[in-house]
Enquirer: 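Encoded as structure tokens, here's the structure I'll be asking about.
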Number of protein chains: 2
Amino acid sequence: MSQARGGNGGRPKRPTMVDVAREAGVALRTVSRVVNNDPTVGPEYVSKVEAAIAALNFRPDERARQLRTGVTGTIGAAVRRIAEVNPELAAIEQTARDCGLTLLAASTDFDEPREREILISMCRQRLDGIIVEPYGENHAYLQPELDAGMPLVAMDRPMSGISVDCVMSDNASGIGIAFHHLSQHGHRRIAYIGDSELVFSGRERAAAFRAALRAHGQPIEGLVHPGPITTERVCAALDTALHGDDPATALVTGNMDTTLTVLRCLGPQAAAQLAIVGFDEVPLADLLQPALTVVAQETFTIGRTAVELLRARMADPSRPVQTVVVPVTLKVRGSGELKP
Amino acid sequence: MSQARGGNGGRPKRPTMVDVAREAGVALRTVSRVVNNDPTVGPEYVSKVEAAIAALNFRPDERARQLRTGVTGTIGAAVRRIAEVNPELAAIEQTARDCGLTLLAASTDFDEPREREILISMCRQRLDGIIVEPYGENHAYLQPELDAGMPLVAMDRPMSGISVDCVMSDNASGIGIAFHHLSQHGHRRIAYIGDSELVFSGRERAAAFRAALRAHGQPIEGLVHPGPITTERVCAALDTALHGDDPATALVTGNMDTTLTVLRCLGPQAAAQLAIVGFDEVPLADLLQPALTVVAQETFTIGRTAVELLRARMADPSRPVQTVVVPVTLKVRGSGELKP
DNA sequence: TATCCTCGCGATAACGTTATCTCGAAGGTG
DNA sequence: CACCTTCGAGATAACGTTATCGCGAGGATA
């Protein structure tokens, strides 16, 4: 009850293994053995030490253990946002837990210096490995860490300037599926609105969409609108795509943020009449009217694979670098099946 | 380029301050001073050491630093779910960053043993403090940690068995506001569906709703439906509330999960005709038809306050335990203003 | 010129754990 | 009975940092 904090106002000193050893009347090494469940300790010593541990409320200091053994039992995940819907991160956490690894997650928050800060910090903490959803454009500064044996895995997009394992979705195939689906439902003019081509996935998806247009012998002009995801830019793109003299009758949106921005720009009435297939799952997609047809990434597979790649590299630092491409699947819900 | 890993297959040894000192031809202590920006080092020494650091790609080992200094510069957050929408956690991360603190976040995942495991692990890591969104019902096992000076703050609900700082929303007031709002829009029979009364917030909110009914001189029978949030239970509750001989014309839902389950049970048509005020903000609430009126918690304030309480306790372990109640606000969007 | 600071750097002891080695006792064998 | 092996526990040295102390050089003062 009394929060005895040793009068000096600072934090009280916690008991250490030395204190436990003194209390139990055994050697320091014996305490360590008991704490680590070493079977070569006699039962009477075990009980003496355990009694002392309970009496002093001893808890081993993980930092000292890590310093001595060299491993932390912790992997880092530098993702764009924790605290937002992020199924990959959930999969990473669950997989890591199953492997007995602790997860240290941090948000790079769409900020390159911050990403760098986080990654360097994780290296200083000597984490056993790092999974990163890269945001910055040049990660060459991590080469020394790689050389020093830090296992590193890229998720969702590759890293430039260094050669690391990577797991990502099949963006091109996803765009192709969306286009084909709308085409099969009778649409001849299909427009694309997506993220900036400065971003890797934005680049890949816009390119895939242009390829789909070409494959169907359609012109590209006025139909492909990559760019920053702001209300103004998206509304302008919608205006161009839908209100020309040869308006598009269907829409592919390049990621979740784009999808939501498009829905808000259109408003409920217009959105309910336009055929839309979104890239990325959207929360509450089933509650919208019509429910939203999307190309969903296998987010759980991506997260789990990231951990598996990381563990493989931890186990064998010299194994060849590998890129895993995860397929995507179409979720038919209504919005993508509207007629022109 | 070559990931020189020192032939043995294991991880190569990283250079330490000793190596840097040898390379620079100075004493170990001088390297430490340079790394810590100690101003009492001569400029020529600084440049010699910095050159050696760059040459060897030295990065200080944070674990050793922490062991020596005693502080980790890291606070822990044990929340129900990272990787889902969690504005409190986002606020915690941002506030912690602003204070120069690293955040270690983990999901308790609605699992009492797991919560316990996480909290104990954080204590073993000697974090500077812990914020916990409590799930389990008895946290007395943390008393030794408190006694040992571990700062601890509860978020969203109090902890039982120990006395710690706490920050939470004004649940009773929120329910009162929702009830009053529907009442003012002409509703005489208003039902409540919410989380189980085994959960703290479920208990508080159900109690507040009963109090509101009593204050308006209304009977309680058939109108208050706390319980587990499953489709079956919620649909049954809806059936009781809406299809009796004196059916409710409006609904208060007790948290986000309940709100979403109710919407799914009702289906779009019925949902569009029933007056609903939800407790908790819902993602995409503005895209629904009608848009959803909710009682929103000041999630950012809650997260920021949690960090502030934690820092205050870190600074002064003997300060009196404090509970901060944060007000809630009504977001009028449409669903709560429907007539009976 | 002798004395006293101040300043800047180096030697060395922690921090709390694990790993290596040593050593005594017990038990089996020739 | 001497010797070898095995087993369990203790002494002590790491791990990579920071903090305490000391010491020599240089300038100020009398």
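Residue numbering restarts at 1 for every chain, and letters A, B, ... go by the order of the sequence lines.
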Enquirer: Please answer whether the main-chain N or O of A/L103 pairs with a side-chain N or O of A/R97 as donor and acceptor at a distance below 3.5 Å.
Expert: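 Answer holds: no.
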
Enquirer: Has A/R126 got a side-chain atom pairing as donor or acceptor with B/E62's backbone, closer than 3.5 angstrom?
Expert: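 Checked: no pair found.
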
Enquirer: Taking any heavy-atom pair under 4.0 Å as a contact, classify A/R63: base, sugar-phosphate, or nothing.
Expert: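 No contact.
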
Enquirer: For the side chain of B/T69, counting heavy atoms from C-beta on, which of D/dT18, C/dA19, C/dC9 is nearest?
Expert: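 Nucleotide nearest to B/T69's side chain: D/dT18.
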
Enquirer: Distance check needed: D/dT18 P versus B/Q66 CD, whole Å only.
Expert: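 It is 11 Å, rounded to the nearest whole Å.
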
Enquirer: Would you find a donor on one side and an acceptor on the other, under 3.5 Å apart, between the side chain of B/N86 and the backbone of B/R81?
Expert: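 Answer holds: yes.
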
Enquirer: Let me know the distance between CG of A/L67 and P of D/dT18, rounded to the nearest Å.
Expert: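 After rounding, the gap between these two atoms is 12 Å.
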
Enquirer: Which part of the nucleic acid does B/T40 contact within heavy-atom distance under 4.0 Å: base, sugar-phosphate only, or nothing?
Expert: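 Sugar-phosphate contact only - B/T40 comes under 4.0 Å of backbone atoms but never of a base.
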
Enquirer: Take the protein atom CZ of A/R126 and the nucleotide atom C1' of D/dT17, then report the distance between them rounded to whole Å.
Expert: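 Going from CZ in A/R126 over to C1' in D/dT17 covers 11 Å.
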
Enquirer: Spell out yes or no: do the side chain of B/R33 and the base of C/dG10 have one donor N/O and one acceptor N/O closer than 3.5 Å?
Expert: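 Between C/dG10 and B/R33, which were checked side chain against base, a qualifying N/O pair under 3.5 Å is present.
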
Enquirer: Check for a donor-acceptor pair, side chain of B/T108 on one end and backbone N or O of B/V79 on the other, with a separation under 3.5 Å.
Expert: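 Between the backbone of B/V79 and the side chain of B/T108 there is a qualifying donor-acceptor contact (under 3.5 Å).
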
Enquirer: Return the value, rounded to whole Å, for the distance between atom CG of B/L56 and atom P of D/dG16.
Expert: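 For the pair B/L56 CG and D/dG16 P, the rounded distance is 14 Å.
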
Enquirer: Given D/dT18, C/dG10, C/dT17, identify the nucleotide with an atom nearest to the side chain of A/L28.
Expert: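 For the A/L28 side chain, the nearest candidate turns out to be C/dT17.
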
Enquirer: Among the candidates D/dG16, D/dT18, C/dT17, find the nucleotide nearest to the side-chain atoms of B/N36.
Expert: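 Out of D/dG16, D/dT18, C/dT17, the nucleotide with an atom closest to B/N36's side chain is D/dT18.
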
Enquirer: Scan A/V41 against the nucleic acid and name what it touches under 4.0 Å (heavy atoms): base, sugar-phosphate only, or nothing.
Expert: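 Sugar-phosphate only.
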
Enquirer: Atom CG of B/D61 to atom P of D/dA14: distance rounded to whole Å?
Expert: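 That distance rounds to 18 Å.
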
Enquirer: Using a heavy-atom cut-off of 4.0 Å across all strands, would you classify A/T16 as base, sugar-phosphate, or nothing?
Expert: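 Sugar-phosphate contact only.
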
Enquirer: Look at B/S32 and D/dT18 and indicate whether a side-chain polar atom (N or O) is within less than 4.0 Å of OP1 or OP2.
Expert: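 Yes, such a contact exists.
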
Enquirer: Just how far, in rounded Å, is C1' of C/dC15 from CZ of A/R14?
Expert: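 Distance, rounded to whole Å: 15 Å.
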
Enquirer: Nearest to the side chain of A/R65 - C/dT17, D/dA9, D/dT18?
Expert: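 From the listed options, C/dT17 comes nearest.
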
Enquirer: Rounded to whole angstrom units, what separation is found between the CD atom of B/Q125 and the P atom of C/dG16?
Expert: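 Those two atoms, CD and P, are 17 Å apart.
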
Enquirer: Between B/N36 and B/D38 (side chain of the first, backbone of the second, donor and acceptor by atom type, cut-off under 3.5 Å), is there such a pair?
Expert: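 No, B/N36 side chain to B/D38 backbone: no donor-acceptor pair under 3.5 Å.
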
Enquirer: May I ask you to say what A/R29 touches in the nucleic acid, namely base, sugar-phosphate or nothing, with a heavy-atom cut-off under 4.0 Å?
Expert: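 Since a base atom lies under 4.0 Å of A/R29, the category is base.
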
Enquirer: With sugar-phosphate meaning primed atoms plus P, OP1 and OP2, does B/V35 contact a base, only sugar-phosphate, or nothing at under 4.0 Å between heavy atoms?
Expert: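 If one applies the 4.0 Å heavy-atom cut-off, B/V35 turns out to touch nothing in the nucleic acid.
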
Enquirer: Just the rounded figure in Å: distance from C1' of D/dG16 to CZ of B/F58.
Expert: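 B/F58 atom CZ is separated from D/dG16 atom C1' by 8 Å.
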
Enquirer: By nearest heavy atom, map B/A64 and B/P39 onto DNA chain C; which one lands nearer the 5' end?
Expert: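 Closer to the 5' end of DNA chain C: B/P39.
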
Enquirer: Among D/dT17, C/dA19, D/dG10, find the nucleotide with the atom closest to the side chain of A/R68.
Expert: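 The closest nucleotide is C/dA19.
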
Enquirer: Any sub-3.5 Å donor-acceptor pair from A/T16's side-chain atoms to A/V18's backbone N or O?
Expert: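 Yes, A/T16 side chain to A/V18 backbone: donor-acceptor pair under 3.5 Å.
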
